[in-house]
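The residues of the chain are indexed from 1 along the displayed sequence. One-based numbering, in listed order, for ligands and for the atoms of each.
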Amino acid sequence: MKHLLSLESMSRDDMESIFRSAAAFKRARTTHARPLAGRTWALLFSKSSTRTRVSFEVGIRELGGQVIFLNASEIQLGRGEPIKDTARVLGRMLHGVVIRTFAQRDVAEFAEFSGIPTINALTDDEHPCQILTDIFTYQEKRGPIQGKVVTFVGDGACNVAQSWIFAAAKLGFELRIAAPKEFQPSSEVLIRASAHGTGSRRPVIICTDDIDAAVSGADLIYTDVWVSMGKEAEAAERLQKLRGFQINQALLKPAKPDALVMHCLPAYRGKEIDEATFEAHAPTIFDQAENRLHVQKAILSWAVD
Ligand code: CP
Ligand code: NVA
């Protein structure tokens, strides 16, 4: 039984096989195999979504499966039915589940009790499908990410940054996190990541509040929203404290001349990125969004293989 619960728990070999399969799914959008034929998957979401929901719904259908969307607040889970009971019921009816929720342990518990493939579509800790897609997109445009420098600017303690940390540890590229001290990743996460050196190499993960140094010579500059879902009560404080950590034209000057800029979306112009920079890099950013479909089809077919 295969689950995608986190990048922390995914092997480098599995990541690389998903990248190869995603390229094949992208090349043959309508003519590929239908490994989900005769199967019904559900999306069980407790948080908003545009890209993840649509790309999984379309992807499941294109792989031959049926899909149902379950808003967590509209099923008994929202009225307090335990995850492990919900999982045991859904596991007897469905063939797989894609979950977007708050606590990472809820996804793990669902996987344990449902007995069906379970895919993390974002928790407070990780967003593995997003970062697999981002790396696929980088490699599509610039070749292998190994040995490159990726700079994440903004809320370095968020789910997206945390999945970047485990990806860097597994795949062997340098990751710099540029964030104010209180928005840097926890030392506990960095210690966990350092256990995943590639061969004799120790992961190179640098956390700093020197944003210019972090961008210098970078191959990819990346950002995410300053106020993640679930953090709305801290919005005013976050906007004030993260104000100096915006991706804009001036910031990009010391990066490599052909550096890519990526954003997982949704984007808030004037906050984590300015309008001119966003629009200058929109072709890359919307390729990233489209690639969610191809990479997630690869993840689904990996999960049922
Ligand atoms: N990037 C991303 O996961 O977008 P959604 O929240 O719209 O799914
Ligand atoms: N860090 C963001 C990602 C949105 C796709 C959030 O959790 O809201």
Side-chain angles (χ1 to χ4, degrees), residues 4-7 22 42-60 67 69-72 97-104 106-107 119-138 152-167 175 177-180 182-186 189 220 222-235 237-239 241-242 245-247 261-269 271-273 278 281-282 284-297 299-300:
L4 171 46
L5 303 182
S6 63
L7 291 192
L43 269 55
L44 174 53
F45 278 34
S46 304
K47 291 176 174 171
S48 305
S49 174
T50 300
R51 281 143 288 272
T52 310
R53 175 176 176 175
V54 175
S55 53
F56 267 113
E57 290 202 23
V58 172
I60 289 165
V67 60
F69 182 81
L70 299 171
N71 179 335
V97 170
V98 178
I99 301 185
R100 171 168 282 203
T101 190
F102 295 86
Q104 180 70 26
D106 288 351
V107 181
I119 295 174
N120 175 356
L122 181 148
T123 63
D124 291 343
D125 288 6
E126 279 220 35
H127 196 358
C129 300
Q130 177 71 55
I131 279 58
L132 289 175
T133 303
D134 301 335
I135 294 169
F136 173 81
T137 307
Y138 181 85
F152 181 99
V153 179
D155 177 8
C158 78
N159 42 14
V160 167
Q162 197 155 306
S163 286
W164 270 109
I165 288 170
F166 290 111
L175 178 66
I177 306 243
E182 64 184 294
F183 292 100
Q184 290 181 6
S186 70
V189 165
L220 167 60
Y222 192 103
T223 193
D224 180 15
V225 297
W226 287 345
V227 184
S228 285
M229 293 178 279
K231 304 284 186 195
E232 291 80 4
E234 302 169 13
E237 185 192 346
R238 285 172 162 263
L239 298 190
K241 290 183 170 158
L242 284 156
F245 290 79
Q246 181 190 74
I247 296 187
V261 171
M262 289 192 186
H263 193 308
C264 63
L265 300 175
Y268 293 86
R269 274 86 154 175
K271 297 191 171 64
E272 74 276 2
I273 192 163
F278 183 89
H281 294 272
T284 302
I285 292 167
F286 290 103
D287 279 353
Q288 232 185 310
E290 178 196 323
N291 283 338
R292 296 293 301 279
L293 172 64
H294 311 302
V295 171
Q296 288 162 194
K297 283 164 78 176
I299 292 168
L300 290 161

Handout entry: From Lys297, Arg292, Gln296, residue fulfilling side chain to side chain donor-acceptor pair (under 3.5 Å) relative to Ser55
Key = Gln296
Practice task
Establish, from distance only, whether the side-chain atoms of Glu272 and Thr223 form a donor-acceptor pair under 3.5 Å.
Solution key: no
Practice task
Check for a donor-acceptor pair, side chain of Thr284 on one end and backbone N or O of Met262 on the other, with a separation under 3.5 Å.
Solution key: no
Handout entry: Sidechain-backbone polar pair: Glu57 side chain, Val67 backbone, donor-acceptor under 3.5 Å
Key = no
Handout entry: Qualifying residues under side chain to side chain contact (heavy atoms under 4.5 Å, CB included), relative to Val54, sequence neighbours excluded
Key = Val58
Practice task
May I ask you to identify the nearest protein heavy atom to atom 6 (O) of ligand 1, giving residue, atom name and distance to one decimal place in Å?
Solution key: Arg100 NH1, 2.8 Å
Completion exercise
Per-atom filter on ligand 1: closer than 4.0 angstrom to a heavy atom of His127 are 2 (C), 3 (O)
Problem - Those protein residues which place at least one heavy atom below 4.0 Å from ligand 2 - result: Leu122, Asn159, Asp224, Val225, Ser228, Met229, Leu265
Exercise for the section: Please indicate whether any nitrogen or oxygen in Leu122 is less than 3.5 Å from any nitrogen or oxygen in ligand 1. Expected result: no
Handout entry: Cys264: numbered ligand 1 atoms lying under 4.0 Å from its heavy atoms
Key = 1 (N)
Problem - Under 4.0 Å to a heavy atom of Arg292 - the qualifying atoms of ligand 1, by number - result: 1 (N), 2 (C), 3 (O)
Handout entry: Check: Met229 N/O within less than 3.5 Å of ligand 1 N/O
Key = no
Exercise for the section: Would you confirm whether Asn159, through its side chain, and His127, through its main-chain N or O, come within 3.5 Å as a donor-acceptor pair? Expected result: no
Practice task
Write out the residue and atom name of the closest protein heavy atom to atom 7 (O) of ligand 1, then the distance separating them to 0.1 Å.
Solution key: Thr50 N, 2.7 Å
Handout entry: Thr137 and Gln288 side chains, donor-acceptor separation under 3.5 Å
Key = no
Problem - Tyr268 OH: over 12 foreign heavy atoms closer than 6.0 Å - result: no
Exercise for the section: Would you check if the side chain of Arg100 reaches a backbone N or O of Lys47 as a donor-acceptor pair within less than 3.5 Å? Expected result: no
Practice task
Measure from the side-chain N and O atoms of Glu232 to the backbone N and O of Gly230, and report whether any donor-acceptor pair falls under 3.5 Å.
Solution key: yes
Exercise for the section: Write out the residue and atom name of the closest protein heavy atom to atom 4 (O) of ligand 1, then the distance separating them to 0.1 Å. Expected result: Arg51 NE, 2.9 Å
